[in-house]
Amino acid sequence: MEDGFDFARLAAEIGDRPRTASEFVQRALRAAILDGRIPPGTPLRQEALAAAFDVSRMPVREALRQLEAQALLDFTPHKGAVVAEISAQDQADTYLIRRALEPVAFAQSIPHLTRDDLDRAEDLISDMDREPDHGRLGELNRRFHMSLYARAGSPKLVRLVERQLIEHDRYLRFHLAMLGRDRMSQDDHIAMVKAAAGRDITAAISVLQRHIDVAAEDSARFFN
Ligand code: NI
């Protein structure tokens with residue numbers, strides 16, 4: 001098989017076939033991407049997969065579409081679908097850095113947040129509630145968090161925080177696709193704005209830390 005990965009063997013290893021062909025292909029690929037058997041950057045070509053899994057191209061196309069919605073694949077103009085840069089280690093690292101940096105940025109920002117900043121944060125919470133597209137929720141979540149850290153008075157710290165939130169977006173999309181949107185923890189978001197409005201740094205930080213810890217624990221499960 002091309003590109004060094006034996007998709008036919010992967011197909012043969014799957015035990016009971018799920019109800020539909022596309023589900024079968026999707027489950028096999030997802031498991032192999034998550035446990036690292038198919039390395040990041042590996043191209044997933046429709047014809048090769050259809051032959052390996054002994055299905056037609058339509059279910060393969062549907063499976064790839066689903067995997068893209070879960071942020072496990074990227075579509076590139078020349079290579080087509082390739083396996084995204086995603087791993088248990090990278091995810092754990094992303095949360096570790098968020099856990100270290102965001103409370104510092106939030107604590108420094110709280111005394112300087114304006115009514116406008118807090119209004120914007122509240123608007124973003126409503127936007128998230130109304131947004132039907134999981135792909136857009138990651139961006140709204142990032143903008144929400146950044147609106148609370150923006151007054152930290154440290155452009156470098158704020159840039160580092162934003163960089164991690166951008167990397168986190170991929171994992172968030174994956175988890176939303178798997179678990180549903182109630183995992184956005186909007187209650188935490190509301191509590192963070194309330195504590196920030198009351199200038200209660202201790203309360204605000206403890207909500208944020210729990211928010212990140214719970215997400216990290218939830219997320220770690222997908223890679224085991
Ligand atoms: Ni959040």
Side-chain angles (χ1 to χ4, degrees), residues 69-72 84-88 90-152 154 157-223:
Q70 293 159 27
L72 296 178
E85 302 286 338
I86 183 171
S87 70
D90 178 67
Q91 172 179 255
D93 246 6
T94 303
Y95 278 114
L96 185 72
I97 299 168
R98 284 193 61 195
R99 182 66 159 71
L101 298 184
E102 287 183 39
V104 179
F106 197 19
Q108 294 208 153
S109 183
I110 286 173
H112 311 289
L113 287 170
T114 64
R115 190 61 249 173
D116 274 1
D117 295 330
L118 295 164
D119 286 348
R120 191 171 331 112
E122 273 172 355
D123 287 347
L124 283 161
I125 293 175
S126 316
D127 290 348
M128 282 188 263
D129 276 336
R130 284 193 301 259
E131 177 58 58
D133 176 5
H134 284 169
R136 288 261 307 139
L137 278 171
E139 189 202 326
L140 292 172
N141 180 63
R142 171 165 56 85
R143 284 171 53 202
F144 165 78
H145 280 266
M146 290 310 296
S147 71
L148 294 179
Y149 313 148
R151 306 279 172 195
S154 169
L157 175 61
V158 168
R159 276 201 303 278
L160 285 170
V161 167
E162 183 155 38
R163 180 71 242 156
Q164 291 311 309
L165 279 165
I166 289 168
E167 295 196 11
H168 169 255
D169 187 273
R170 172 182 300 290
Y171 296 108
L172 179 63
R173 273 189 288 149
F174 173 62
H175 301 136
L176 289 170
M178 294 290 96
L179 289 173
R181 56 188 303 139
D182 55 320
R183 295 306 173 113
M184 283 299 287
S185 308
Q186 289 274 64
D187 290 349
D188 291 346
H189 291 160
I190 292 163
M192 282 165 63
V193 174
K194 190 167 171 251
R199 313 287 176 200
D200 186 342
I201 295 177
T202 310
I205 298 308
S206 87
V207 176
L208 173 60
Q209 286 173 336
R210 196 189 60 221
H211 184 63
I212 296 174
D213 287 343
V214 168
E217 281 162 27
D218 253 7
S219 309
R221 278 190 232 126
F222 285 105
F223 288 93

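Side-chain atoms are counted along with the backbone in the values below, which use heavy atoms only and exclude waters and symmetry mates. Both counts, for ligands and for their atoms, begin at 1 and track the order of listing.
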Side-chain ion pair, Asp188 and Arg210, N-O less than 4.0 Å: yes
Within-2.8 Å protein N/O/S contacts of the Ni ion (ligand 1): Asn141 OD1, His145 NE2, His189 NE2, His211 NE2
Taking the six-membered ring where the residue is Trp, are the ring centres of His145 and His168 under 6.0 Å apart? no
Asp93 vs Glu167 side-chain heavy atoms within contact, under 4.5 Å: no
For the CZ atom of Arg130 and the CG atom of Leu140, what is their distance to the nearest 0.5 Å? 10.0 Å
What distance do Leu137 atom CG and Asp169 atom CG have between them, rounded to the nearest 0.5 Å? 9.5 Å
When you check the side-chain N and O atoms of Tyr171 and Thr94, is any donor under 3.5 Å from an acceptor? no
